[in-house]
Amino acid sequence: MKKRHEELIQSIAGNDAFRVKGLLSEEPGLVTALDPNGRTAILLALYFGHEELAKLIRELHPSPNLFELAALGDAEGVRRFIAGAPGGP
């Protein structure tokens, strides 16, 4: 998986949506893997300024974390996440 994860990071950095989609289809677990700085695929795409790619990754990601939802500006998703969290409203 490490080689595939490195390939995913490079594909995200290069804004290669076709390759990112292919890698995540082949290995869905890559969507939650962290880069050396602790960033997920969504956060990494946003870091590189690839908003459309981040949205594509979100479509393939069944359960983004709170940080991903907030970084994407998904206020409703953040509310749902918090409401579903233990001790949430």
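Please read these numbers as outputs of a predicted model, since none were measured by experiment. Residue numbers start at 1 and run along the sequence shown.
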- Message: Checking T40 now: which residues fulfil side chain to side chain donor-acceptor pair (under 3.5 Å) with it, not counting sequence neighbours?
- Response: E68

- Query: CZ of F81: more than 12 outside heavy atoms within 6.0 angstrom?
  - Reply: yes

- At what distance, to the nearest 0.5 angstrom, does CD of E7 lie from CD of E27? 9.5 Å

- Message: Quick check: closest heavy atoms across L69 and G77, and the distance to 0.1 Å?
- Response: CD1-O, 3.4 Å

- Message: Testing the basics here: between I57 and A41, what is the closest heavy-atom pair and its distance to 0.1 Å?
- Response: CD1-O, 3.7 Å

- Kindly say whether N37 contributes a backbone atom to a donor-acceptor pair with the side chain of D35 at under 3.5 angstrom? yes

- Message: I want to check something: taking the side chain as every heavy atom from C-beta on, are L34 and R39 in contact at a cut-off of under 4.5 Å?
- Response: no

- Message: Within this structure, what is the CG-CZ distance for the pair D74 and R79, rounded to the nearest 0.5 Å?
- Response: 9.0 Å

- Task: Any chance you could measure R19, atom CZ, to L53, atom CG, to the nearest 0.5 Å?
- Result: 13.0 Å

- Task: Decide whether V20 and L72 are clustered together by the hydrophobic rule: side chain heavy atoms of Ile, Leu, Val, Met, Phe, Trp, Tyr closer than 4.5 Å, transitively.
- Result: yes

- Report the residues that fulfil salt bridge (Lys or Arg N to Asp or Glu O under 4.0 Å) with E59, sequence neighbours left out, ordered by chain and then residue number. none

- Less than 4.0 Å between a side-chain N and a carboxylate O, is that true for E6 and K3? no

- Going only through I, L, V, M, F, W and Y residues with side-chain contacts under 4.5 Å, is there a path from L60 to V31? yes

- Message: Would you compute the distance between atom CG of L44 and atom CD1 of I12 and round it to the nearest 0.5 angstrom?
- Response: 5.0 Å

- For H50 and A13, the nearest pair of non-hydrogen atoms, with its separation, is NE2-O, 3.2 Å

- Rounded to the nearest 0.5 Å, how far does CD1 of I42 lie from CZ of F67? 13.5 Å

- Message: If the condition is side chain to side chain donor-acceptor pair (under 3.5 Å), which residues does R58 pass it with, not counting sequence neighbours?
- Response: none

